Structure formats: structure tokens, C-alpha cells
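This report refers to the structure that appears directly beneath it.
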Amino acid sequence: MSTWWAVLAAGLACYALKLAGLSVPHQVLERPAVRAVADRLPVALLAGLVAVQVLGNDQGLVLDARAAGLGAAVVLLVLRAPFLVVVVGAALTAALLRL
């Protein structure tokens, strides 16, 4: 039952944070520093999540087929491939290496 209390508390904390963000005056949000952080923070958080999911496991750093798939995706992105090609290329790379 304590897990549900933790989920409820986390939900309320997220709601309070969202409400606090909506109550910030518009002038504050238009500052260049605030705008720069707001533009870059989601990308940085997503990159961190991807890195942890691809390179980590319970005991440390792991380089396996997932890392090769991520590398293939980066190469395809640098070559400006369409998003679907990037996803399929990364998946194929990882799948072939797992064979």
C-alpha cells in the first residue's frame, strides 16, 4: 500500500510543479537565459535517458548491440537521413549484431 502513496505523492508533486510553472510571470519566461535553458533542457534529459538505457545495466557500462544501433543512428542523423530510416537502420544494426 505504501507504493500507492508514493505514486500519489509523485503525481501531486508533478501537478504542483506544473502549476508553479504556469504561475511564473511572462516577463521572466522571455529572458534569454530562461529561454535557452527551457529550449535545451528537454534535449539534455532525453539524451541522458537514452545513454543510460543503451550503455548501462545493473553493474556498470556495457557495450553491446544496443550501442552499435545507437552509433548507426547517429551516423544516419549526421547524414540527414529521414527519421524512419534512422529508426530502421538502428534496429537492423542491433538485430544483425545480436544474431
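Sequential numbering from 1 along the given sequence is applied to the chain's residues. Since this is a predicted model, take the numbers as computed values, not measurements.
For residues 23-38, the salt bridge (charged side-chain N to carboxylate O under 4.0 Å, His left out) pairs, not counting sequence neighbours, are E30-R35. Every pair tested for side chain to side chain donor-acceptor pair (under 3.5 Å) that includes a residue from residues 6-25 fails, sequence neighbours excluded, so the list is empty. Residues in residues 61-86 take part in these side chain to side chain donor-acceptor pair (under 3.5 Å) pairs, two or more places apart or across chains: D64-R66.
The hydrophobic cluster containing L55 does not contain V52, counting ILVMFWY residues as joined when their side-chain heavy atoms lie under 4.5 angstrom apart, directly or transitively. Follow the hydrophobic side-chain contacts under 4.5 Å out from L61 and you reach L70 in the same cluster. Cluster membership for F83 and V88, using ILVMFWY side-chain heavy atoms within less than 4.5 angstrom, is not shared. Cluster membership for L41 and L29, using ILVMFWY side-chain heavy atoms within less than 4.5 angstrom, is not shared.
For A81, the side chain to side chain contact (heavy atoms under 4.5 Å, CB included) test picks out L76, V85, V86, with sequence neighbours left out. Not a single side chain to side chain contact (heavy atoms under 4.5 Å, CB included) links P42 to another residue, sequence neighbours left out. Partners of V43 according to the side chain to side chain contact (heavy atoms under 4.5 Å, CB included) rule, which considers only residues two or more places apart in sequence or in another chain, do not exist here.
When all heavy atoms are compared, the tightest approach of L97 to A65 is CB-CB, 4.0 Å. Residues A90 and A72 share a closest heavy-atom pair of CA-CB, 4.4 Å.
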